[in-house]
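My questions all concern the structure below.
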Amino acid sequence: MLIAIGIWIALAMDYPRGPIFGWTPSSPMAAPESAPDSTTTGELALAPDATGEIEQAPMQDYAAECFRALRERNPRGRMVRMTANRLAIRCSAIVETDDGSERWLFDWRDSTSDFRHEGELRWPEQWPPQLPETGIDPSESAPERLAAIMAAAREIWPESDRADWLYEIIWLPEPYSRPLVFVSFDDRREGADANAALTVIFDGTEQLGDADTERADALYPLTRFELREDHNFKGPLYESTALAEAAVSLEGDPAAADPHPLAANAEHCMYWLHAVNTGSRVLRVAIDAKQCFLVLENSGQRDDYYLLTASGSAEYTEHASLILEPLPTPNLLLDRSRLSSARVRERLRQAISQADPGASVDRLAIAWVAGAMIWQFDARSDGARKLIYLDESGNEIAPPEEFPLSVHEREQGFAQTRPALPFVSESL
């Protein structure tokens, strides 16, 4: 079945992780190194048995913990896919970025990393443009429901001839328009191909018949982050929004060596944006000719935002926590997958074309504002200052009522928009 291809490719997916935070604020740190290997899985990490092998929690227990963590991390919006991969020790979901946004993200973790919001996704083109009314109801991932489904699935194949692999709850379009449960075992029967899967699909607590199983399997989706390359999978694909936009970006363009100071420093800033604390939400990115400024969430504490500054690609500094009122609630703020050096160059050229003749654009900032990614460019000419604002597609827009910045950035010459975010220490 098509799902078997997706399972094997998903097993091979791997990514680096960012550093762990625990040093004193405002201390300069070297660039992050690779994380040490780990076999821990949070609350489900178990001790080795007598043979030295790591004992694994049962599929239903692993899935229950995985799905609980996904909902805790993504409390808003509809979920349309939840996957617990027992063999790869991988946990992932496709979830709405915010209540009613109709924009989707891919979130995942494995045994060696924290959760990572990989970026926005586009609805599969093969599917009708129908959206789920409620997505996956929390009752679908209740521990007792998982245990009952797993018990029914295990009765189909002998215990000695298979091993737990996947438990997936996936919302599928017509003719279903509801979540189905895919349970897959590693087929270890004599003569079975390597990485072969034994898969059963449930609608509620009822096993699908052969015809419905074939239809559901044909609708089974993957994300580009799991697939990486098209290979042999020809089913529905949740495409990366950033990749779908690549046709209009400037990756590999002849102006890649743009000498503009902001374009040059963007190379360093985009490195830090993608290398540091990759699992958290990002509120603001700002660049001048010498420094990069990131306002992002602490990977170890939800709703704790702080400022990180960096010069070049060698060192960075963490500042104290910032006061945000109110706290941003969506699951995803700035989508780092849609921010690259090429995209910065593209927007910079657009801003320069909107500036007065001879004006110098010496600062830029990107912020999450009322559910959207807004670009701000600071242009100066003969002492006059003009702020140019672009939406996420590069269209010029009127100045937003609010555009957040930290008090430190304000002191570094960035436009004094509001709200200005003070450090926690300043309020004591």
Side-chain angles (χ1 to χ4, degrees), residues 1-14 39 41 43-67 81-93 108-111 140-170 172 179-222 226-227 231-233 235:
M1 292 194 298
L2 289 174
I3 187 174
I5 300 171
I7 292 170
W8 172 235
I9 295 171
L11 257 179
M13 186 179 69
D14 194 19
T39 56
T41 58
E43 296 180 18
L44 295 180
L46 301 177
D49 61 19
T51 66
E53 295 184 355
I54 298 295
E55 180 185 358
Q56 293 187 335
M59 182 77 247
Q60 64 270 21
D61 293 345
Y62 179 76
E65 165 58 18
C66 165
F67 298 159
R81 200 187 89 178
M82 305 173 75
T83 297
N85 187 326
R86 176 69 278 186
L87 291 185
I89 320 180
R90 181 161 295 125
C91 176
S92 67
W108 74 283
R109 75 175 180 192
D110 65 13
S111 61
E140 294 276 348
S141 58
E144 58 273 16
R145 178 67 170 268
L146 303 180
I149 294 293
M150 283 305 302
R154 288 189 176 109
E155 291 180 358
I156 301 174
W157 294 284
E159 177 78 23
S160 60
D161 292 337
R162 51 98 182 129
D164 291 351
W165 195 340
L166 287 173
Y167 192 107
E168 302 182 283
I169 310 173
I170 304 175
L172 294 180
L180 300 182
V181 174
F182 292 67
V183 176
S184 295
F185 299 99
D186 180 18
D187 187 354
R188 297 181 178 178
R189 295 175 298 183
E190 185 177 354
D193 293 337
N195 306 305
L198 302 169
T199 299
V200 58
I201 306 174
F202 292 90
D203 185 356
T205 57
E206 298 296 321
Q207 180 181 345
L208 290 186
D210 291 342
D212 271 329
T213 294
E214 186 175 347
R215 277 192 290 267
D217 190 50
L219 292 170
Y220 176 87
L222 282 180
E226 296 162 289
L227 191 59
H231 295 300
N232 296 319
F233 183 79

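Computed from a predicted structure; not experimentally measured.
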Between Tyr62 and Cys91, what is the shortest heavy-atom contact and its length? OH-N, 4.0 Å

How far does CZ of Arg90 sit from OG of Ser111, to the nearest 0.5 angstrom? 8.0 Å

Under a 4.5 Å cut-off applied to non-hydrogen side-chain atoms, are Tyr220 and Glu168 in contact?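 When only atoms from C-beta onward are counted, Glu168 and Tyr220 do touch, with a gap below 4.5 Å.
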
As an exercise, state the distance from CZ of Arg162 to CD1 of Ile156, rounded to the nearest 0.5 Å.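 With rounding to 0.5 Å, CZ (Arg162) is 10.0 Å from CD1 (Ile156).
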
Point-to-point distance, once rounded to the nearest 0.5 Å, from CG of Leu146 to CD1 of Ile169: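 Result: 6.0 Å between the selected atoms.
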
With sequence neighbours excluded, tell me which residues meet side-chain hydrogen bond (donor to acceptor under 3.5 Å, both in side chains) with Glu206. none

If you look at every heavy atom in Gly204 and Ile149, which pair is closest and at what distance?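 For Gly204 and Ile149, the tightest heavy-atom pair comes out as O-CD1, 3.5 Å.
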
Would you name the heavy atoms of Trp165 and Asp186 that are closest together and state the gap between them? CE3-CA, 3.5 Å

So, the side chain of Arg189 versus the backbone of Trp157: is there a donor-acceptor pair under 3.5 Å, distance only? no

Can you name the closest pair of heavy atoms from Phe67 and Ser141 and give their distance?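 Answer, listing the atom of Phe67 first, then Ser141: CD1-CB, 3.6 Å.
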
Over all atoms of both residues, closest heavy-atom pair of Phe202 and Thr205: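 Result for this residue pair: CD2-O, 3.8 Å.
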
Are side-chain heavy atoms of Leu208 and Leu180 found at a separation under 4.5 Å?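 Counting from C-beta outward, Leu208 and Leu180 do come under 4.5 Å.
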
Tell me if a side-chain donor or acceptor on Arg109 pairs with a main-chain N or O of Cys66 at a distance below 3.5 Å.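 No.
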
State whether Glu140 and Arg145 are salt-bridged, where the test is any N-O pair (Lys NZ or Arg NE/NH1/NH2 against Asp/Glu carboxylate O) under 4.0 Å.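 Looking at Glu140 and Arg145, the cut-off is met.
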
Measuring from Thr83:OG1 to Tyr167:OH, what's the distance to the nearest 0.5 Å?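 Going from the OG1 atom of Thr83 to the OH atom of Tyr167 covers 11.5 Å.
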
Is any side-chain heavy atom of Leu87 closer than 4.5 Å to a side-chain heavy atom of Asn85? yes

I would like to know whether Glu214 and Ile201 meet side-chain contact (heavy atoms from CB on, under 4.5 Å); could you show each step before the answer? CA-CA 10 Å; Glu214 186 175 347; Ile201 306 174; over 6 Å; no

So which atom in Ile170 and which in Pro221 form the shortest heavy-atom distance, rounded to 0.1 Å?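 Of all heavy-atom pairs spanning Ile170 and Pro221, the closest is CG2-CD, 3.8 Å.
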
Quick check: does any side chain N or O of Asp164 sit under 3.5 Å from a backbone N or O of Arg86, one acting as donor and the other as acceptor? no

